[in-house]
Amino acid sequence: MTDVKYAKYAARRAICSRLAAYFAYFTSVTPHQQGFLISRCDDRAVRRSMIDTLIDEETELRCGDKSHTELALDFATRFTGLSETQVAAMARPLAVQDMNHFRLRV
């Protein structure tokens, strides 16, 4: 596999592949967490702004022909060469999983 180079830095393709899979994971769970936060928000203006962001995350209404989740998964599968099932099954370190649980406690 080749390295991905940016300016004077380079990262192994395996590292970038893991990051792509982590990004797809976070993008897939974000709408659920946004919905949870929306339900706890008392400020109507803030709530409306959060709903607006949720629409961007979940639909293709404003970001082309796919939702953010689908775009992230497309990126991960194309970059890694793995199937959607394989990307979804990639192991996530406890630290990454715990970051997700932390977002729910906010």
Side-chain angles (χ1 to χ4, degrees):
M1 293 194 170
T2 61
D3 290 341
V4 176
K5 294 182 181 177
Y6 178 75
K8 64 180 181 175
Y9 303 101
R12 289 194 327 259
R13 191 166 186 86
I15 292 170
C16 293
S17 295
R18 279 200 312 265
L19 291 174
Y22 297 165
F23 179 68
Y25 166 71
F26 277 116
T27 306
S28 71
V29 298
T30 295
H32 300 283
Q33 295 166 355
Q34 284 179 323
F36 176 74
L37 292 173
I38 290 166
S39 71
R40 296 175 58 196
C41 181
D42 293 329
D43 186 314
R44 185 172 191 264
V46 172
R47 195 171 54 246
R48 287 180 65 113
S49 178
M50 292 169 71
I51 289 170
D52 209 34
T53 302
L54 183 60
I55 289 169
D56 284 343
E57 292 290 334
E58 280 287 79
T59 71
E60 53 282 339
L61 294 176
R62 290 186 285 224
C63 62
D65 61 345
K66 295 184 177 184
S67 69
H68 286 179
T69 302
E70 292 172 291
L71 293 171
L73 190 55
D74 283 354
F75 170 72
T77 56
R78 289 180 184 159
F79 190 84
T80 63
L82 301 173
S83 70
E84 290 181 10
T85 304
Q86 291 170 311
V87 168
M90 285 181 79
R92 289 180 290 276
L94 185 56
V96 171
Q97 295 174 42
D98 192 47
M99 286 172 60
N100 185 46
H101 292 283
F102 172 78
R103 290 167 69 183
L104 286 173
R105 292 189 298 255
V106 173

Within the 4.5 Å heavy-atom criterion, are [X] and [Y] side-chain neighbours or not?
X     : Y     : answer
Ile51 : Gln34 : no
Ser67 : Thr59 : no
Arg18 : Thr80 : no

Between atom [atom1] of [X] and atom [atom2] of [Y], what is the distance when rounded to the nearest 0.5 Å?
X     : Y     : atom1 : atom2 : value
Ser28 : Glu57 : OG    : CD    : 10.5 Å
Thr53 : Glu58 : OG1   : CD    : 12.5 Å
Cys41 : Arg48 : SG    : CZ    : 12.5 Å
Arg40 : Arg47 : CZ    : CZ    : 14.0 Å
Thr27 : His68 : OG1   : NE2   : 8.5 Å

What about [X] and [Y], same hydrophobic cluster or not, with Ile/Leu/Val/Met/Phe/Trp/Tyr joined at side-chain heavy-atom distances under 4.5 Å?
X     : Y     : answer
Phe79 : Val87 : no
Met90 : Leu19 : no
Leu54 : Leu37 : yes

Pi-cation contact, Tyr22 with Arg92 (under 6.0 Å, within 45°):
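Arg92 over Tyr22 ring: no.
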Would you name the heavy atoms of Ala20 and Ala76 that are closest together and state the gap between them?
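For Ala20 versus Ala76, the nearest heavy atoms are O-CB, 3.7 Å.
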